[in-house]
Amino acid sequence: MKMEEKIKRLIIDALAKSHGIKEDELNEVGLELSRNSNNEHGDFSSNIALKLGSKLKGPPMTIAEEIVSSLGALVELERAEFVKPGFINFYLFGEKKYSILETILNQGSEFGSSCATEKKKVLLEFVSANPTGPLHVGHGRHAAFGDSLARLLRKAGHEVFTEYYLNDAGRQIDILCISVMFEMLRAEGLKLNDIAGLYKGTYIKEIAQGLIDESFKINKKVLLPEASASADELIDALILEMKDVAGSKLFQKISDKAVLQMTELLKDDLSDFRVNQDGYYSEKSLFSKGKIEEACEIIKKNGNAYEKDGALWLESSKYGDDKDRVVIREDGRSTYFASDIAYHHDKKMRGFDLLINVLGSDHHGYVSRLEAGLVSTGNKASDLDVILMQFVTLYRGKKKIQMSTRSGNFVPMRDLYSEVGVDAARFFYVSRSHDQHLDFDLDLATKQNNNNPVYYIQYANARIKSVLKENKKRGYVFDECLGKTNLMKLDLAIEKEIISLLGKYPETILKSSEARAVNKIANYLKSLAQLFHSYYGSTKIVSEDEEIRNARIILLICVSTIIEDGLDILGVSSPTKM
RNA sequence: GCGCCCGUAGCUCAACUGGAUAGAGCAUCAGCCUUCUAAGCUGAGGGUUAUAGGUUCGAGUCCUAUCGGGCGCGCCA
């Protein structure tokens, strides 16, 4: 039994004895026991007396006193005491605390793993940006967060499959296609005015040039539509015109090529950022495999769809959405929502218990629709966990950089991580909570990269490696056995603090994975690094006393193990030298 | 107008999901390298947690209103 469980048992028995409270009654109130990293309140503490105050109609201090006097004994427990408002603090015998170091030493990077009580099969979808341009700094946040969350959930013991949903069908792909065709025509000498809404940028030109090199040719007789129409109408007219001029076969070929190349570009942007998703799921394949019709049949069969104005509607308002939504348009084409219903149903059919979607916060209005889609295909709304990512605002110094994908005026994520480094960029992205806006100052990140907290943590680890080297250099051989038998000589206040914090690693993994809060790992590592630096500054590790020396080295190895493991979750490297 | 998210030190952010004296970094000031990496350490100043109520043993955290910022309300994706 874990220490927590043993102490909880002790409290339960004491309450039965002192106040005649049964276990079920206690469950209503909720028995909490927290592990303290702050040593002045003992190793564990409970607020149960405070919580019972109103129920028992007595002052919490008295209740706490009565509980403490009824407490049984435990071999590991040195003493229990009640303090000020009514907390009960538990103090363990010294030796017991040190055993955590041996555990870390034995388990290595497995320490804290598989702590989740209910292990799930998770499909984690993130980034999923349209393949119409390079990924920008906003996507970078999704990439860093999503990938780290995957690592964190795996660490906690879940089975995770990461996926990128590729929107390779629909209007935006047509626009990509005609954008490429425009550049092909230009490359062949045709003078064409810019049209608002088309994708621009060197990547479009490169794709166009590539197609020309493969001797793709377009009939030059393009009739530009009247400019008087609205931007959207103009584009629609242009798509029709281009399909007509090129012929649907060639149009399709160019479109496929463009998507393929864009996808490669996206994959490269991600992979150089140490993000490699397990799968890319094609929206187009939903059509070719008949998944959309299949989904429509299911929602009809379940009585969740109806026809109106020639369109097929999902009765999503039954399941928490503001209104019903069109699934199949009047003209027979399916909507984007139809694809999503089919896609999410398919995720469930592939056997995943939990679907996690990392979406931009601008999609929050879409969440209830997705849930309604799941329910109407016979799944549960709670199968889906949407994480809304707040925006990244980019600054150069004090100047805000406005971003827009369409106008081509955006900063690619590649530029960002080439400039500040993958380690710093990934750490910075995930060190803020996902529901918090993120201000990213490029000037600050480049100029002051020495002040970035990621270096602070990496430096702590490099220092440890250096101490271990120094130990050898002085002719000492690390004696694990001797160290282990002298762990209780680590009795400095700072050493005890470090040991307590190390002991909190598993619950940090558990809590941050449950809250999908990767930033908690970053914060934990900052605290650990801070304690270590302070320890290092005040204490000589490579001591002449071999008992203390070897015990301290064990402590350092443990700190290093946790830092490396934690940084790995964040996708950050652990250099041994800096 | 309706809905969702957010307001914490001058700036950027924490605070173990309701706990004990609200903490770091940057910036400012004062110290520390003939001890293992100074990308470091030690100390100082800086707060009515946007505002006003409420809930209870206890509120930055929960509920209500107000103010301020972001986003969303398509047979677009």
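None of the values given here were measured: they were computed from a predicted structure. So you know, we letter chains A, B, ... as the sequences are listed, proteins then strands, and number each from 1.
One P atom belongs to B/rU21, the other to B/rU49, and the distance between them is 15 Å to the nearest Å. Nucleotides B/rU61 and B/rA50 are separated by 16 Å at their C1' atoms, to the nearest Å. A gap of 36 Å separates the C1' atoms of B/rC2 and B/rA9, to the nearest Å.
Glycosidic conformation at B/rC33 (O4'-C1'-N9-C4 for purines, O4'-C1'-N1-C2 for pyrimidines): syn, within 90° of 0. Taking syn as a glycosidic angle within 90° of 0, B/rU17 qualifies as syn.
The side chain to side chain donor-acceptor pair (under 3.5 Å) pairs that include a residue from residues 326-335 of chain A are A/D331-A/R333, where partners are two or more places apart or lie in different chains.
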Every protein N/O lying under 3.5 Å from an N/O of nucleotides 54-56 of chain B:
none

Any N/O pairs under 3.5 Å between the protein and nucleotides 7-12 of chain B? List them or say none.
residue : atom : partner : partner atom : Å
B/rU12  : O2'  : A/R432  : NH2          : 2.5

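Applying the side chain to side chain contact (heavy atoms under 4.5 Å, CB included) test to A/K8 and every residue at least two apart in sequence or in another chain returns A/L31, A/L33. Every residue two or more places apart in sequence or in another chain was checked for a ring pair (Phe, Tyr, Trp, His ring centres under 6.0 Å) with A/F87, and none qualifies. By the ring pair (Phe, Tyr, Trp, His ring centres under 6.0 Å) test, A/H533 pairs with A/Y456, A/Y459, sequence neighbours left out. For A/Y505, the ring pair (Phe, Tyr, Trp, His ring centres under 6.0 Å) partners are A/Y524, not counting sequence neighbours. Applying the ring pair (Phe, Tyr, Trp, His ring centres under 6.0 Å) rule to A/Y164 yields the partners A/Y280; only residues at least two apart in sequence or on another chain are considered.
The aromatic rings of A/Y343 and A/Y281 sit tilted, their planes meeting at an angle between 30° and 60°.
A/D322 has its CG atom 18 Å from the P atom of B/rG1, to the nearest Å. The distance from atom CZ of A/F532 to atom P of B/rA38 is 11 Å, rounded to the nearest whole Å. What separates CG of A/L388 from P of B/rC6 is a distance of 10 Å, to the nearest Å. Between A/R333 atom CZ and B/rG74 atom C1' there is a gap of 13 Å when expressed in whole angstrom units.
For the pair A/R329 and B/rG74, the criterion of a side-chain N or O lying under 4.0 Å from OP1 or OP2 is not met. Of the side-chain N and O atoms in A/Y455, none sit less than 4.0 angstrom from OP1 or OP2 of B/rA39. For B/rC73, neither phosphate oxygen OP1 nor OP2 lies less than 4.0 angstrom from any side-chain nitrogen or oxygen of A/R369.
Looking at A/H364, its side chain has no donor and acceptor atom pair within 3.5 Å of the base of B/rC5. For B/rG72, its base never sits under 3.5 Å from the side chain of A/D362 at any donor and acceptor pair. One can find a donor-acceptor pair under 3.5 Å joining the base of B/rC16 and the side-chain atoms of A/K504. Residue A/S527 places no side-chain atom within donor-acceptor reach of the base of B/rA24, judged by atom type and a 3.5 Å distance cut-off alone.
Sorted by residue number, the members of residues 305-320 of chain A with any non-hydrogen atom under 4.0 Å from RNA chain B read A/D309, A/A311, A/W313. Shown for residues 550-558 of chain A: no residue has heavy atoms falling under 4.0 angstrom of RNA chain B. The stretch residues 464-474 of chain A touches RNA chain B through A/S466, A/V467, A/E470, A/R474, each having a heavy atom within less than 4.0 Å of the strand.
As judged by a 4.0 angstrom heavy-atom cut-off over every strand, A/Y366 is placed among the base-contacting residues. A/S538 comes within contact range of no nucleotide atom at all, as no heavy-atom separation falls under 4.0 Å.
For A/K473, the NZ atom counts as loosely surrounded, since its 6.0 Å shell holds 12 or fewer non-hydrogen atoms of other residues, nucleotides or ligands.
Two residues, A/N47 and A/D331, neighbour RNA chain B, and the one matched to the more 5' nucleotide by heavy-atom proximity is A/N47.
Between A/F87 and B/rA20, a base-stacking contact is recorded: ring centres under 5.5 Å apart, planes less than 30° from parallel. Ring stacking holds between A/H41 and B/rA20, with the centres under 5.5 Å apart and the planes within 30 degrees of each other.
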Check: Using Watson-Crick and G-U wobble pairs whose two distances are both under 3.5 Å, how do you write the pairing of RNA chain B as dot-bracket, with | for links to another strand?
Finding: (((((((..((((.....[...)))).(((((.......))))).....(((((..]....))))))))))))....
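Separating the CD1 atom in A/I509 from the NZ atom in A/K520 is a distance of 13.0 Å, to the nearest 0.5 Å.
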